[in-house]
Amino acid sequence: LAKTTQPISMDSYEGQEVNITCSHNNIATNDYITWYQQFPSQGPRFIIQGYKTKVTNEVASLFIPADRKSSTLSLPRVSLSDTAVYYCLVAPISSGSARQLTFGSGTQLTVLP
Amino acid sequence: DAEITQSPRHKITETGRQVTLACHQTWNHNNMFWYRQDLGHGLRLIHYSYGVQDTNKGEVSDGYSVSRSNTEDLPLTLESAASSQTSVYFCASSANQDYEQYFGPGTRLTVT
């Protein structure tokens, strides 16, 4: 199982770019990297997933170096509403590996005015 | 719009009682999952199903059971509720992979 390590908490100010890094040293060849966002009293929400290099969507960017042992979730120009817990997960692309999905405790991002 | 719903949203029960939490999705997803979330533990997988009549144990399955009789529903049953099962329970579903899951709003269960 590819264990992930991410900071417990981060603070930022409105309008800044926030980068949350996740370490996954023993990631396997067929593993993908996935990030979720969870607001208080809600279920987690899928944000982005990637395998290598850079992936961008309307919410965030995901940077994955060549060795894939870490990844960085980048949130551009955060607002107060981006305050949430962010989870990094590593799992095989195919179905059948649910037991390998480990959410961990995530990173609590607090955006300050 | 497709969605995933859970009921009840809040439940208080007594130790030893049987409790069933409902999960219903209209995504027509094959895969469904149950998690519990406790302070300091993140989300932990209880049971999951990859299709009708298929069920599998997750990381913390003791004291819980599920059954999948149709695509839309995966009810979670606590056979004999214990105070250690006080938690927030989330149901999720996904199409043909595990990593992109759609979560329900959660059920807060208190066992007294």
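All values derive from a computational prediction rather than experimental measurement. Convention: sequence-line order gives letters A, B, ...; per-chain numbering from 1.
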For chain A, find its close neighbours in [range]: heavy-atom separation under 4.5 Å, sorted by number, or none.
| range | value |
| --- | --- |
| residues 60-71 of chain B | none |
| residues 100-112 of chain B | E100(B), Q101(B), F103(B), G104(B), P105(B) |
| residues 12-24 of chain B | none |
| residues 76-93 of chain B | F90(B) |

Next on the checklist: Heavy-atom cut-off 4.5 Å, strictly under: side chain, backbone, both or neither for Q6(B) against chain A?
Outcome noted: neither
Checklist entry - Is it the side chain or the backbone of L45(B) that comes within 4.5 Å of chain A heavy atoms, both, or neither? => result side chain
Are [Y] and [X] connected into the same hydrophobic cluster when the rule is that any two of I, L, V, M, F, W, Y join if their side-chain heavy atoms are below 4.5 Å apart?
| X | Y | value |
| --- | --- | --- |
| M32(B) | W34(B) | yes |
| V55(A) | I27(A) | yes |
| V78(A) | I47(A) | yes |
| F33(B) | I4(B) | no |
| Y32(A) | F46(A) | yes |

Next on the checklist: A quick test of your reading: do over 12 heavy atoms of other residues, nucleotides or ligands sit less than 6.0 Å from OH of Y13(A)?
Outcome noted: no
Item to check | Which portion of Q42(A) sits near chain B, non-hydrogen atoms under 4.5 angstrom | outcome: backbone
